[in-house]
Amino acid sequence: MLRSNYLPHVKAWSAVVSRLSGSPDNGPNDAIRLYYSVVKRVRRVSDRALVAHSWPDTAAFNAVLNACANLGDVKMFCQVFDEMPEWNAVPDALTYNVVIKLCARVDRKDLLVCVLEMMLSKGVEPCITTLQSLVAAYVGFGDLGTAEKLVQALREGRRDLCRVLRDANSANHDANEEDGDVFGKLIPKSVIDNSEPPLLSRLYRPNSRIYTTLMKGYMKSGRVSDTVRMLEAMRRQEDSASHPDHVSYTTVISALVKAGSMENARQVLAEMIRLGVPANLFTYNILLKGYCHQLQIDKAKELIREMTDVVGILPDVVTYNTLIDGCILVDDSAGALEYFNEMRARGIAPTKISYTTLMKAFALSGQPKLASKVFDEMLKDSRVKVDQVAWNMLVEGYCKMGLIEEAKSVVERMRENGFHPNVSTYGSLANGIALARKPGEALLLWNEVKERCEPRKEEDSSLPLPPPIKPDEGLLDTLADICVRAAFFRKALEIVACMEENGISPNKTKFTRIYVEMHSRMFTSKHASKARQDRRRERKRASEAFKFWLGLPNEYYATEWSLNPPGKQDDYGSASI
DNA sequence: CTAGGGTTAG
């Protein structure tokens with residue numbers, strides 16, 4: 001079989017897998033597919049030793065596992081992991097670092113310490129980035145307390161890190177057991193039963209990456225002074241490996257920019273320059289965003305001039321995307337277009353974010369036709385792939401103008417192209433419907449939203465059902481608002497019940513005001529015909545139920561509950577709050 | 001230059 005000679009060397013195919021594993025869009029899936037296509041061909045060769053050069057090694061597995069982790073696919077991860085012995089590939093520190101990343105992706109904070117313990121018990125020595133991954137994972141969970149304890153323990157030269165983490169974790173037992181059986185084999189929780197946890201085999205000094213990871217935690221949670229204090233502490237460190245570098249400074253600048261302290265942010269930049277720590281494009285882009293958000297476009301332009309002319313850093317696509325968004329913030333859609341064209345003229349390729357941001361400029365300024373033209377350009381540009389956000393922006397453009405029919409036909413096209421509307425799409429439609437004053441459309445929309453809220457059942461997955469959605473406050477409040485105004489009280493009650501199921505408290509004050517202003521004199525006409533009164537009965541019942549929910553005086557206060565027809569009790573079901 | 005600190009769109 002000559003064919004077997006055509007099997008690529010593991011170094012070659014795993015390099016591709018590695019590159020794909022972290023790339024956006026379908027990269028991780030392609031990575032896994034590539035792995036299986038090679039492995040399948042190797043398995044077909046009767047004497048596998050002949051194609052040993054193609055066997056996946058530990059590095060190849062790490063790349064595939066990274067793809068699984070990026071997808072958050074625990075089942076696939078365990079499946080690939082279990083195939084390692086077949087090829088004599090032994091998990092190394094990097095493999096377990098990817099496991100840590102997987103735990104972070106799928107919300108299993110409780111398993112982080114188990115990974116560390118398993119590494120130690122299997123004799124795999126953690127590397128410094130293992131510890132950084134752990135810090136990053138805790139930071140990602142918003143658990144800065146544990147992240148701090150971890151860093152502090154490292155600083156103190158402690159080797160009982162597992163003990164430290166177990167103690168920190170003992171507070172929260174609410175582990176998500178759903179993946180337990182899948183994870184069970186990979187990371188046995190039994191390791192943390194009674195016995196004293198293993199000790200680190202050596203000491204680890206925190207480096208500036210670890211400190212910066214913790215700083216990022218402070219930054220993300222808006223703790224500006226802690227971020228700045230961390231920088232100061234790093235500067236006082238004796239060992240140069242923990243001194244702040246350009247990323248540390250940039251993180252501080254990011255924290256200050258987020259807090260709107262542009263003056264202070266500029267001072268940190270000046271400090272970087274003074275100390276000879278090179279600011280880079282990231283640093284400038286962050287500052288740029290700050291000026292745009294402060295609506296200081298002039299300052300933004302000045303900064304770019306300084307960056308280009310003095311420092312010699314050229315703007316990139318992110319710079320331009322930020323500037324385009326900055327124009328939108330000051331209602332300058334023409335300026336947004338100018339920057340877009342300037343960018344292209346300079347040979348900087350627009351990304352899907354560039355196109356979508358430019359669409360936003362036209363959508364928000366009431367020019368859906370122009371937004372649509374940008375969308376068409378995007379479709380023609382082979383370098384970018386139209387995604388959900390772009391479709392949503394197109395829908396938003398029409399909804400912003402109350403052009404419901406156009407918006408609906410875009411949603412149809414969107415479906416034909418394989419994208420299901422999401423909460424954001426529905427939010428735009430709801431706003432458009434409110435603007436167009438077409439409450440009948442709101443009923444249709446609510447029916448669809450209601451369908452998508454239902455948890456899907458495994459059995460009837462014969463058809464590719466759209467994924468379930470978790471409606472947000474904006475969407476439900478808008479729908480309820482429309483229904484209350486249109487006196488669709490039955491539907492309004494359904495929607496507010498849905499809000500409460502999703503932990504959103506409906507704005508009763510607002511709905512009461514709308515009810516009193518618009519409907520308090522409803523059903524008071526004495527001149528209606530008998531037939532008309534009959535037709536109105538159901539609506540009146542709904543109205544009373546809604547008043548009951550609002551806490552307004554209603555006929556239930558004056559009437560015996562038992563007077564309701566027994567079979568009709570359910571009518572009020574959604575009102576029983 | 002793969003897991004591994006800092007930027008942009010709904």
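These values consider heavy atoms only, across backbone and side chains, with no hydrogens, waters or symmetry-generated copies. Here is how names work: the chains are called A, B, and so on, in the same order as the sequence lines, proteins then strands, and each is numbered from 1.
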Could you tell me the separation between the CG atom of A:Asp245 and the C1' atom of B:dG6, rounded to a whole number of Å?
9 Å
Length of the line joining A:Met234:CE and B:dG5:C1', which is rounded to integer Å
9 Å
Remember a base hit wins even if backbone is also touched, and classify A:Asn280 as base, sugar-phosphate or nothing at under 4.0 Å, heavy atoms.
base
In whole Å, I'd like the distance from the NZ atom of A:Lys220 to the P atom of B:dG6.
6 Å
Using only side-chain N and O atoms of A:Ser18, determine if any of them is under 4.0 Å from OP1 or OP2 of B:dC1.
no
At 4.0 Å (heavy atoms only), tell me whether A:Ser248 reaches a base, stays on the sugar-phosphate, or touches nothing.
base
For nucleotides B:dT2 and B:dG6, find the distance between their P atoms and express it as a whole number of Å.
15 Å
Base of B:dA3, side chain of A:Ser133 - is there a donor-acceptor contact under 3.5 Å?
no
Classify A:Asp387 by what it touches in the nucleic acid, base, sugar-phosphate, or nothing, heavy-atom distance under 4.0 Å.
base
Rounded to the nearest angstrom, tell me the gap between atom CG in A:Asn285 and atom C1' in B:dT7.
5 Å
I'd like to know whether the aromatic ring centres of A:Phe340 and A:Tyr355 sit less than 6.0 Å apart in this structure.
yes
For the side chain of A:Tyr320 and the backbone of A:Arg344, is there at least one donor-acceptor N/O pair under 3.5 Å apart?
no
Output the single nucleotide from B:dG6, B:dT8, B:dA9 whose closest atom is nearest the side chain of A:Phe282.
B:dG6
Indicate whether any N or O donor in one side chain lies under 3.5 Å from an N or O acceptor in the other, for A:Arg229 and A:Tyr218.
no
Distance in Å, A:Leu314 CG paired with A:Met307 CE, rounded so as to fall on 0.5 Å steps:
7.0 Å
Could you state the atom-to-atom distance from CG of A:Leu256 to C1' of B:dG6 in whole Å?
13 Å
Are A:Lys216 and B:dG6 close enough that a side-chain N or O sits under 4.0 Å from OP1 or OP2?
yes
Within less than 4.0 Å of OP1 or OP2 of B:dG10, is there a side-chain N or O belonging to A:Lys360?
yes
Taking only side-chain nitrogens and oxygens of A:Gln132, does any of them come within less than 4.0 Å of OP1 or OP2 of B:dA3?
no
Quick check on B:dT7: is either OP1 or OP2 less than 4.0 Å from any side-chain nitrogen or oxygen of A:Lys289?
no
Does A:Asn422 reach a base, just sugar-phosphate, or nothing at all? Heavy atoms under 4.0 Å.
base
Report yes if a donor N or O on one partner sits less than 3.5 Å from an acceptor N or O on the other, where the partners are the side chain of A:Thr251 and the base of B:dG6; otherwise report no.
no
With the side chain of A:Ser424 defined as its heavy atoms from C-beta on, choose the nearest nucleotide among B:dA3, B:dA9, B:dG10.
B:dG10
Between P of B:dG4 and CG of A:Asn66, the distance in whole Å
7 Å
Proximity to the side chain of A:Val318 - top-ranked nucleotide from B:dT8, B:dA9, B:dA3:
B:dT8
In whole angstrom, what separates A:Met215's CE from B:dT7's P?
11 Å
Taken to the nearest whole Å, CD1/A:Ile128 to C1'/B:dG5 is 13 Å
Would you indicate which nucleotide in B:dG6, B:dA3, B:dG5 comes nearest to any side-chain atom of A:Ser254?
B:dG6
Sugar-phosphate, base or nothing in reach of A:Ile286, heavy atoms under 4.0 Å:
sugar-phosphate
Within the 3.5 Å criterion, strictly below it, is a donor on A:Arg155 or A:Tyr211 matched to an acceptor on the partner's side chain?
yes
Using 0.5 Å steps for rounding, measure from the CG atom of A:Leu94 to the CG atom of A:Asn62.
4.5 Å
